[in-house]
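Order of listing sets the numbers, starting from 1, for every ligand and every atom in it. Remember, it's a predicted structure, so these values are computed and weren't measured experimentally.
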Amino acid sequence: MIVRCVDLRKSYVMGDTVVRALDGVSLAIEPGEWVAIMGPSGSGKSTLLHVLGLLDTPDDGVYELMGRRVSRLAEQDLATLRSRWLGFVFQQFNLLPRMSALENAALPLIYCANGVDPASRPRELLADVGLAERSGHMPNQMSGGQQQRVAIARALMNRPRMILADEPTGNLDSRSQVEILDIFRKLNDRGITVVLVTHEEDVAKQARRIIRMRDGRIVDDAAHPGARASVAPIPAEAAEPPAVAGSRWKLFWRDAREYLRQAVRALSANKVRTGLSVLGILIGVAAVIAMLALGHGAKKSIEERLASMGSNLLVLRPGSLRTHGVMLEAGTVTRFTLEDAEAVRTLARVRRVSPTASGRGQLVYGAANWNTTVSGTLPDYADMRASRPVVGRFFTSAEEQSRMRVAVVGMTIVREIFGPVNPIGEMIKINRVNFQVIGILPEKGATTWRDEDDLVVVPLGTAMKRLFGKEYVDQIDIEVEGPEHMAGVEESVRQTVIRRHRLPPARYDSFQIRNLVQFQETLTETSRTLSALLASIAAISLLVGGIGIMNIMLVSVTERTREIGLRKAIGARPKDILWQFLIEAVAVSIVGGCSGIVLGWLITLGLSHWAGWTAAVAPSAVALAFGFSVAVGVLFGLWPARKAASLKPIDALRYE
Ligand code: ADP
């Protein structure tokens with residue numbers, strides 16, 4: 001027995017009324033039979049056919065298909081049985097519009113190749129139904145009869161045991177009707193069981209047995225008087241179809257290729273829509289790349305700036321002249337002397353000390369005049385402040401001690417007063433004193449508050465005695481042995497100053513110690529915050545792109561509900577549908593991601609070229625953006641894909 005049903009029931013609730021579509025249907029069908037189900041509209045014919053075809057599940061009752069109880073199987077097992085044992089023919093043909101006749105016929109092979117040769121079988125079957133020369137035609141290029149023949153070829157693809165046809169000739173003219181019924185007869189002659197729903201006596205007469213239904217019940221079940229004799233059935237005991245050959249990986253690749261091909265087809269069918277969702281991801285990824293590159297560049301330039309400040313430095317200075325908004329009297333500010341510097345030098349964990357005395361200086365070289373900052377300092381300054389000249393040299397200890405009139409000048413000065421002349425060896429006047437230029441300081445760029453290159457450095461003694469006539473120094477740079485000792489040294493410097501100057505607690509704020517490490521950390525922190533901010537703005541745009549994908553996918557699922565239903569009817573498991581839609585979403589996001597990377601890179605190039613911003617695309621940013629865009633595709637594609645996968649086959653097929 002191929003079909004055995006006992007007391008099948010199925011009802012629909014419509015508002016207050018309960019419609020009993022199946023009201024206790026019991027039925028047995030032997031292999032090789034040709035059964036027509038007849039009855040007035042609404043009598044439950046289609047519902048019965050759908051239950052028999054595993055497209056719908058009964059509320060109650062027993063259904064055995066080829067000896068296997070199937071009324072309670074999970075959807076994916078039902079899908080497997082549908083693909084291996086059953087073939088469907090619908091009134092509306094249900095061909096996929098953008099596929100040729102051949103591709104439509106071959107569709108079931110995607111989900112299961114039931115021991116058939118995928119290369120030759122579709123053509124053979126099309127030839128069988130008389131469409132050998134139409135294999136390349138699209139459904140809209142074929143007549144109704146031809147389309148239905150393609151649908152029959154499709155139903156036969158996996159050597160089904162039973163063909164289920166729902167009004168297969170309902171949409172056809174009488175000539176096509178005869179041809180289609182002829183095909184069914186031939187199939188039945190070969191032993192395939194045919195169950196056909198119709199409301200036309202002419203059609204039913206072809207069958208060997210007619211079941212009549214009314215109000216969800218079978219009211220008559222009889223062999224048709226004029227029916228042909230029974231034919232040799234396909235032995236039903238070969239119930240388990242052969243396992244599909246090939247290793248798991250091979251199968252996986254075959255599936256993956258097939259999914260991808262379908263995704264490309266579906267996406268290219270809606271080019272504008274696909275283009276727009278690609279654009280969403282593209283903008284998001286380009287923004288991520290460009291923003292990260294900017295952040296990275298900003299961080300790099302801050303790091304360079306920090307390195308040029310010197311490392312592990314404490315800077316000791318007189319306090320501000322104001323305390324609590326009140327000007328202090330002259331002399332209340334602590335002034336530091338060379339002796340203070342020497343005292344600090346002897347403290348533990350202090351590596352180097354360089355006091356600086358600064359003032360304004362009027363430079364004259366030939367006819368050029370320039371007012372600048374002049375700093376007198378010790379030779380250690382060069383290394384402590386990362387100021388070793390790139391051209392020429394710094395002054396030596398001997399030159400410092402003998403108060404030589406030598407000067408190292410910053411780039412701004414070179415530009416402003418020397419122009420094209422090489423300054424090394426030239427004589428300049430600083431506040432009317434002659435100096436010889438011996439070196440050029442490395443370029444440091446401008447901080448927000450001043451130009452670091454507008455500076456002349458001279459020996460400390462020369463500055464104090466010959467230029468400014470000062471007895472004190474303006475600041476003392478203290479280099480500590482390591483960042484971990486900064487706090488300790490800061491405290492001992494504080495104590496030393498308080499002791500040496502006998503400061504009462506009220507005047508502890510008459511000097512200040514700036515910790516450059518803290519300052520550097522703050523700067524680094526700021527740049528990190530900036531990068532994070534930029535990245536999150538970019539991430540938001542990627543998110544918006546993802547929502548775009550989700551929207552498009554949801555539309556696509558709704559639009560293709562019938563297609564999903566058909567695919568399920570010919571054996572697609574929920575997993576197959578899930579993958580199909582997921583791969584579409586991921587394909588969109590990968591295409592968007594790759595073009596976004598290119599665009600982001602171009603933007604970065606443009607920014608650093610025309611706007612002069614420091615920006616660098618890090619490989620990690622590319623990887624991140626790409627990974628992120630794939631994740632967006634998966635994440636936002638998953639819901640629509642799951643929605644599609646979980647549709648009940650019959651609901652999807654009925655969807656209008
Ligand atoms: P037939 O194929 O004989 O015309 P059907 O099997 O399609 O009849 O339907 C039987 C009854 O069940 C009808 O009254 C129909 O209105 C009802 N019915 C079928 N499907 C649904 C559904 N999805 N929701 C509500 N009622 C339904």
Side-chain donor-acceptor pair present, Arg84, Asn158, cut-off under 3.5 Å: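 No, no side-chain donor-acceptor contact under 3.5 Å.
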
Side-chain donor-acceptor contact under 3.5 Å, Glu103 with Ser100: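 Yes.
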
[X]: side-chain hydrogen bond (donor to acceptor under 3.5 Å, both in side chains) partners, not counting sequence neighbours:
X      : result
Glu200 : none
Thr274 : none
Glu64  : Arg4

Protein residues that have a heavy atom under 4.0 Å from any atom of ligand 1, sorted by chain and number: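 Only Tyr12, Met14, Val19, Ala21, Pro40, Ser41, Gly42, Ser43, Gly44, Lys45, Ser46, Thr47, Arg654 have heavy atoms that fall under 4.0 Å of ligand 1, ordered by chain and number.
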
Side-chain touch Ile211/Arg209, heavy atoms, less than 4.5 angstrom: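 With C-beta onward as the side chain, the pair touches.
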
